[in-house]
Participant: 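Sharing a structure here in structure tokens format.
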Amino acid sequence: MSKKNDLLAKENAVQAILVAPTFEDEFLPISNDIPLCLFPVVNKPLIDYTLEFLSLGGVEETFLFCCNHVAEIKDHIKKSVEETVGWTLTMKVHIIVSESCRSFGDCLRDLDAKGLLRGDFVLLEPGVISNISLSSLLKKHSDICQMDKGAAMTVIFQECGLNHRSLCPQDETLVIMNSKNRLLFHKKTKKTSDKKVDFPLEIFLENNSVSIYHNLKDTHIAICSSSVLPLFSDNFDFQTKDDFVRGLLMNEEIMGSTVYGNILRGSNYGGAIHNWRTYQSISMELKNKWVHPLVPPTKKNRSIYEDSAIGTSTKVALTANICRSILGCNVVIGNNVKIQDAFIFDNTHIEDNAVVSLSVIGPNCIVKNGAKVTAGSILGKGVVIEENCLVEDSLVQQTKSDNSEDKIGPSAYRLRLEEDEEDIDLDKSLARRMSRLHIHEATYESEYESEDEFSESEDALSHIHSPPPDDTKLFFTEVIDSLTRGFEDKLLCDNLILEINSSRYAYNVTVKEVNFNVIKAILIMSGDLPEGPQYFSSFAQMLSYFAPLFNNYIKNLSAMTDCLQAVEEVAISGDFKDKWAVFTLKYLYEKDYLSEEAILDWFGTIKTDTKFYKQVKPFTDWLEEAEEEDSDDE
Amino acid sequence: MTNINFQDLSDVIRLISDIKHKNILSSHDIALKTEAMLEALIAQGKWTSASELMQLIKQRIKCISQSLPMEATAINVMRHILKVIREEFEVASEKKGESQSLQYIVTGASSNVLDYSQSLSSLQAALLDHLSEYKTELETSAENIAAQASEHIHSSETILTFGTSKTVQRFLKAASKKRTFNVIVVEAAPLYLGHSLAANLAKSNIQTTVIPDSAVFAMMSRVNKVIIGTHTVLASGGLRASSGIHALALAAKHYSIPVMVLSHMYKFTPVYLGSNDHEAFNDCASPASLIPYSSGQVLNKAEVTNAVFDFVPPELVTLFITHQGGNSPSYVYRLLSELYHPDDYEI
């Protein structure tokens, strides 16, 4: 009797397709060694969450599609089955391997050829974590199919506030649905650089009422009718699910298929890890129980670490400061280590006094004494960062490969992705920057704005401090324009002086303002130099190029004061490194543009409680000491 | 070795997966399922001696406590069966009569420890007999509790209850056959399970009022008795009950209103509240029922905790009502020693 039941159940079994690889290079270099589906998410492999979700959601048969790292994934599944992990009792997992597939669409075409799916099924893009009950959604979808024979897919969205950390800018969608939840318009707004959206007029003419949503997050889960796979096979240009939705919406009449949407509310949660930012947000949300009943295995120790989770047998020194981070198993953290907004995978050692922030450190890495890993760096498996080394905004891997790269240490090579430097395609580089880790709180908004108003940033800088009269401002932009052009085309500085002087008369500005603005313009230009270890040398080069200008304008003590004020203003208003001010002052002092007397006088006027004061203090201290030594010598 | 182990445990994994998939919801059903599982285990007889059988059961207890740390019922049922095995073994080995000296009872003298690895042919039949008795006890437990209703609820009293509990519902319905009284139901945010209880009570013509959680203190002054259910009863006589009950019990204390807790025997757990392990005591559900996910930016900065349980200290509870009658919290230790063998408290 029970056997018969089993057979019956199998015929109507709820089926799901899970595509494991991402086909993108988002997770390089870590994804070279670990496939995305085995990434630890709060110390449990991602796929365990996905499979548990499918099983709890009522799925009985899952096709897991793999293209690379097949052996590891197979081993993992086999191990789970042997240990009879929760989902194994109610769900069967079939692993399908095809190494020739190059995109999500290829996988589905491959599956269509195999003819394994019988009826409606659940389609998951890589990295999905959710807690929704799929059976009720499947029922809704089949109800829709009863009314509309052409219904091909129900896309699942989750309601989500704007500026929510889990709403990765790339995922920001604009959706229009009619009263029957049929999708009429679907656009990922941040995937392109256009800032305008055009709605076809027919949407409003043909429907009595439509709802426009901009607060939705794509959960990367879809309920599909059996017609979806053949549609993928018929259209070879469908690479992703988004292509599919767009294609169907555009050619609705030709294909005779429609797409529906379903919006999740309440405690239903859905999301997918497809870049580092979503990795971060989903980890945090898992930790804060938003995906209940799927919970991470570790218990956090609230009293010691703010908003962090720590794996088993991890050793953390008492003096370490950990905040909003997740540490894997067997991690060793030394004294005075500072870890902020970071993810540290298993078996990694962070030695004394190191700083790790906004970064991901892969498995088996060593960050040595006093090293700094910051600003969205990703370290691959087994990387060793040498003592006192600074790694900023870079992808680092253990071994050398073909991509042009520079060496940081014996087993640390900076990896450059092809698009990064040469590609002028703004969309792509913007998308890449946005997909890195999310910065906490206030810093996020400012970053966000500066990305939006990229071209206007210079203007914005100029009127932060005591807005000068209009003419002066115009003069300033004029100066900046000529200097930038001059620097780029390597014009003679004498010609530049001539140009500046003529604009000075045109706008009728005083000598003081000329001195101030010219120096300020030069210094502001230093903000556009590429960041990195060579920053200061290229800065010095630029300053030496402009040497004639300094000679021409800084002639007396009052001009020096103007110059120092310009340094002060730029250092405070601009976003520079800590050493910037000291470097600039020292350079100008060594080249004799500024006298010791002028610097010390000016320094006396700075308020002692500002950050700038602290930055400059070491330099003036040094000046005073040098003076004393001089007098001693005499 | 490990492989075989996992194979053997398939029955308990099935139980865990049923609980996780919410195929069995109420603790009563879990208790019955667990009992059935053990009955099958004993009947299949893949064991030769009492110690082997006890080992099998202990493995299952460990398995459940690992994957469902909040689940007490299934473990308690199994723990009780362990005690049953010990007792039946003593009877079967006929040592009981000889060794029952006063000194043995007081000190539990180790000189006379039974050797459970001895194989006894009569044990299996005796156990199965006892289990079917236990099954009837489980099935009639709710009925027996309800039968005491008219002793506790008097005419025209006002009873306050919290959230929903099948036992409480049955208890109140039983009382309504003989008496007329008012019931105030606290709705128990954020799950609002009180609504369904109120609807069910109103259907059987009980005068019912639903109040929000915030009104508990205001209403308490006119209440005669508080009658609630609980998730578990701890060894100290304290409760692990749905969140909100601690506040309710404090309000009752303030007005000196008796708090009665209806509980089946399988809810008594020989576990104390660990002072340094509050997180393990509690369970956190999705914060979505407190603050919607769509509230956006504020969630980047706030960590919202939605605790499922409250710990209610024993001094706030007046009486436990089980199928055997009423007991005060200070008597819980005695009930526990009747239910479980001291060696099985920690597994």
Side-chain angles (χ1 to χ4, degrees), chain A residues 52 55-58 79 81-91 131 133 158-167 215-217 263-271 281 284-285 287-295 297-303 306-307 324 438-442 444-445, chain B residues 1-23 59-60 63-64 66-71 190-192 274 276-308:
Chain A
E52 199 179 339
S55 142
L56 291 179
K79 210 174 119 219
V81 172
E82 273 171 10
E83 290 175 8
T84 43
V85 177
W87 54 265
T88 49
L89 284 173
T90 53
M91 188 172 71
N131 64 356
S133 152
Q158 186 184 11
E159 200 179 32
C160 166
L162 277 184
N163 283 341
H164 195 290
R165 74 176 151 208
S166 70
L167 186 69
N215 60 342
L216 299 182
K217 179 178 87 170
I263 299 174
L264 299 177
R265 293 193 174 86
S267 58
N268 290 317
Y269 178 93
S281 65
M284 289 300 161
E285 259 145 29
K287 206 163 57 53
N288 291 344
K289 308 284 164 78
W290 282 98
V291 204
H292 187 86
L294 299 195
V295 284
T298 44
K299 292 240 172 252
K300 64 184 157 167
N301 207 334
R302 216 184 288 254
S303 52
E306 185 196 336
D307 221 357
R324 296 186 297 275
H438 170 70
I439 300 164
H440 196 64
E441 292 172 3
Y444 169 62
E445 275 118 67
Chain B
M1 171 69 193
T2 44
N3 280 354
I4 304 159
N5 248 340
F6 288 123
Q7 288 286 312
D8 287 348
L9 288 172
S10 66
D11 51 349
V12 71
I13 290 166
R14 166 82 49 193
L15 180 73
I16 291 170
S17 123
D18 276 349
I19 297 173
K20 273 196 175 172
H21 284 73
K22 308 214 162 113
N23 291 340
Q59 270 177 8
R60 281 161 180 72
C63 200
I64 291 191
Q66 263 167 23
S67 39
L68 297 166
M70 289 301 130
E71 180 52 52
L191 293 171
Y192 302 106
N276 57 352
D277 205 9
H278 280 278
E279 293 219 18
F281 171 83
N282 218 325
D283 193 15
C284 289
S286 166
S289 46
L290 304 179
I291 178 167
Y293 190 72
S294 52
S295 18
Q297 233 175 337
V298 67
L299 294 177
N300 300 349
K301 296 168 193 168
E303 190 188 335
V304 186
T305 310
N306 180 10
V308 176

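What's counted below: heavy atoms across the whole structure, side chains too, no hydrogens, waters or symmetry copies. Numbers restart at 1 for each chain; the letters A, B, ... are given by sequence-line order, proteins then strands.
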Participant: Which atoms form the tightest heavy-atom contact between Thr90(A) and Ser17(B), and what is the distance?
Facilitator: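 Distance-wise, the nearest heavy atoms are CG2-OG, 4.1 Å.
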Participant: Using only atom types and a distance under 3.5 Å, with no angle test, would you say the side chain of His21(B) pairs donor to acceptor with the backbone of Ser55(A)?
Facilitator: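 A pair under 3.5 Å: yes.
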Participant: Would you give the length of the straight line joining atom CD of Glu285(A) to atom OG of Ser286(B), rounded to the nearest 0.5 angstrom?
Facilitator: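 Interatomic distance, Glu285(A) CD to Ser286(B) OG, rounded to 0.5 Å: 9.5 Å.
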Participant: Is Ile291(B) in contact with chain A via its backbone, its side chain, both, or neither, using a 4.5 Å heavy-atom distance?
Facilitator: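 Both the backbone and the side chain of Ile291(B) come within 4.5 Å of chain A.
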Participant: Quick check for you: among Pro287(B), Ala288(B), Ser67(B), which has the greatest number of heavy-atom pairs under 4.5 Å with chain A?
Facilitator: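 The residue among Pro287(B), Ala288(B), Ser67(B) with the greatest pair count is Pro287(B).
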Participant: So, for Gln158(A) and Tyr293(B), which heavy atoms are closest and what is the spacing to 0.1 Å?
Facilitator: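 For Gln158(A) and Tyr293(B), the tightest heavy-atom pair comes out as NE2-CD2, 3.4 Å.
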